[in-house]
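Read through the structure below, which is laid out as structure tokens, and then see the notes.
Naming: A, B, ... by sequence-line order, numbering from 1 per chain.
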2 protein chains.
Amino acid sequence: MSKVTIATVAERAGVSRQTVSNVLNTPQVVREETRERVLEAIAALGYRASQAARQMRTGRSRLIAVRIEPARDGINGSVLDRFLHGLTDAAAPAGYRVMLYTATDDTDEIATYENLLTSYDLDAFVLTSTHHGDARTSWLAERGVPFVTFGRPWGAPDTHSWVDVDNAAGTAMATRHLLDTGHRRIGFLGWPPGSGVGDARRDGWASTLAAAGVPGTGLDAATEDGIESGAAAVTDLLASVDALVCASDSLALGALRAARESGRPCTVIGFDDTAVAQAVGLSSVSQPLTQAAARCIDLLAGVLDRSAAPRQLLLEPSLVLRQSAAI
Amino acid sequence: MSKVTIATVAERAGVSRQTVSNVLNTPQVVREETRERVLEAIAALGYRASQAARQMRTGRSRLIAVRIEPARDGINGSVLDRFLHGLTDAAAPAGYRVMLYTATDDTDEIATYENLLTSYDLDAFVLTSTHHGDARTSWLAERGVPFVTFGRPWGAPDTHSWVDVDNAAGTAMATRHLLDTGHRRIGFLGWPPGSGVGDARRDGWASTLAAAGVPGTGLDAATEDGIESGAAAVTDLLASVDALVCASDSLALGALRAARESGRPCTVIGFDDTAVAQAVGLSSVSQPLTQAAARCIDLLAGVLDRSAAPRQLLLEPSLVLRQSAAI
DNA sequence: TTGTAAGCGTTATCAA
DNA sequence: TTGATAACGCTTACAA
């Protein structure tokens, strides 16, 4: 069984090559009966269009690229993993495949764009881990390269399509749950101000307390992400709180440990619902990653036709409650 | 700046298109001086070969495909994640890119091969999660599709190239460590017999005990993977052991929990060194995933030239010791 | 509604 | 050592 091309199909169906192409690309233009004959030939021969030939002609590869990052502290790395799986899954029915690349930083990533675009004719990029002053989005936008971001353009105008999870809603939900279960001294353990995500997560906590008329002033701490740093940062706070909302599962784990060591009971809620949270029974705010990935693909469709205006989607996280028992 | 093709370069260097192609593909055949002039033109114009055109001519895409699996229980999923990152990293310098696909089972995966091969001209596959009676490897082998597996061909002959981690050596290392630190009642918690990986991990434990003349009979338990099931399966065992080697971090976590609840001190060592192990301070056997990925790419080079005979590589895991404190 | 012709950018073949 | 020519398989005009 040698290579089945459009010519093979045409011959078998007794039509010209062009008609076969029309059946594939503009079916409306082909008479019903002819179309059926062609489709039957396609099925019988197991014909599949060559991407390379199609790409050469159209300049589009039906490939989208995503950066795979090293599993940072290993705890939060799994977030990207789940997102990637969702993306690959959602892309396939839309006729797209996902290509991976790595990069050490934004500059390096931009250099990779250049290569990917000129050598592979990549159709679009999906960016994750957006941040303030992100050089990548402006680079892509300037060149008219289609892309969507998972993560809003912190501080920049909404000129492109993006999907994000409502971080503030997540911590608000966690805070509300703590209030509902009778807690009144609810603290927050987060990251230093300046990161959009971190600030939003803090805001969700602060505003919920404010709305409930429960004081929160002085009940927060900030440190870089990590179990150790979280434990250290929260030590003083433990004297004045009986519950803690945290900006990440790593921090939450640190807080749990510090609480256990200090002997002060403290309910802790983390963020991201990572494997670690599942494992140790830590309540955590869960991002709808599969859904986020699917929405990214949806938005990409609009971006690729250049038809639709940029759209932005904010997804609601959910709260996964567990008995914060240690292992 | 419109599209820079081989013709643009040829014109600028004052040579024919073919000479430019020769500089790229068979430099030996081009006179030094000419080659330099061409290379200079390439650099000046920022020329990059079009993959699509090249692929159409050669039939090779410089793309390798890997399946991304859903993050199963979330704990062990990160193993694949790290492997993927290593693979993408190692493939790039070799001139290859990694494409992702998903599949629900082996049959579905084989259907995907068919599509990927005929539509995208994929050059090779990297398979993970090999198992007994793996239909995928025989399908690929029959059709002469280049592939390597991360994981040996359990029960089948070594007719293809693969990389694997010496599972038995990992549990042996863990068992030896326990012996060295004075333990004499060392149990094993693993999976039901029949999975190659699980059996190997059990063997490493059993043979090390046997070699040391320490009895192990009756000190093992088997259950499906998971924290809950691990905890349940190990309950009885806890009366007769003071240390446990486990086939996974999930099982180890279950064992730790059961031990804590029963009040019997028990040293536990897990397998895979996942984020959870790091988080809770669980000692664990660590697989050299980055290295495994790099070796897969190395072996693939041999498979792709059809030059070298199949090669097999067994990598040594390492033992990461932590204070098995709970969080 | 269907067919013809041209060309996308590259490399393999062959001749100069 | 270099250059001309012909594919590779497809789609987009345009003509029938």
For A:Val38 versus A:Val9, what's the shortest heavy-atom pair and its separation? O-CG1, 4.1 Å
Is the CD atom of B:Glu11 crowded by more than 12 outside heavy atoms at less than 6.0 Å? no
A:Val4 side chain reached by A:Ile42 side chain, heavy atoms, under 4.5 Å: no
All salt bridge (Lys or Arg N to Asp or Glu O under 4.0 Å) counterparts of [X], not counting sequence neighbours:
{"X": "B:Asp166", "result": "none"}
{"X": "A:Arg35", "result": "A:Glu32"}
{"X": "B:Arg295", "result": "B:Asp298"}
{"X": "A:Arg12", "result": "none"}

In numerical order, the residues of residues 20-38 of chain A whose heavy atoms come under 4.0 Å of DNA chain D are A:Ser21, A:Asn25
Sequence neighbours excluded, which residues qualify as ring-ring contact (aromatic ring centres under 6.0 Å, His included) partners of A:Phe150? A:Phe83
Pick the closest DNA chain D nucleotide for B:Ser16 and for A:Tyr47 by heavy atoms, then say which residue is nearer the 5' end. B:Ser16
State whether the side chain of B:Gln55 and the backbone N or O of B:Tyr120 hold a donor-acceptor pair below 3.5 Å, judged by distance alone. yes
5'-most to 3'-most nt of DNA chain C touching chain A (<4.0 Å, heavy-atom partner on protein side) reads C:dT1 to C:dG9
Show me the donor-acceptor pairs within less than 3.5 Å that the side chains of residues 97-104 of chain A make with the rest of the protein, sequence neighbours left out.
{"from": "A:Tyr101", "atom 1": "OH", "to": "A:Glu109", "atom 2": "OE2", "distance (Å)": "2.7"}
{"from": "A:Thr102", "atom 1": "OG1", "to": "B:Asp89", "atom 2": "OD1", "distance (Å)": "2.6"}
{"from": "A:Thr104", "atom 1": "OG1", "to": "A:Asp108", "atom 2": "OD2", "distance (Å)": "3.2"}

Under the salt bridge (charged side-chain N to carboxylate O under 4.0 Å, His left out) rule, what pairs show up with a residue in residues 55-64 of chain A, not counting sequence neighbours? none
Side chain to side chain donor-acceptor pair (under 3.5 Å) pairs touching residues 150-163 of chain B, sequence neighbours excluded, are B:Thr149-B:His160, B:Arg152-B:Asp164, B:Asp158-B:Trp162
With a 4.0 angstrom cut-off to heavy atoms of chain A, pull out the first and last contacting nucleotide of DNA chain D, in 5'-to-3' order. D:dG9 to D:dA13
Among A:Val20, A:Val15, A:Asn22, which residue meets the side chain to side chain contact (heavy atoms under 4.5 Å, CB included) test with A:Gln18? A:Asn22
At 10 degrees resolution, what angle do the end axes of the helix from C:dT1-D:dA16 to C:dA16-D:dT1 form when each is taken over five base pairs? 40°
Select base, sugar-phosphate, or nothing to describe what A:Ala52 touches, counting heavy atoms under 4.0 Å on all strands. nothing
Please tell me which of B:Arg48 and A:Arg57 maps to the more 5' nucleotide of DNA chain C, matching each residue to the nucleotide holding its nearest heavy atom. A:Arg57
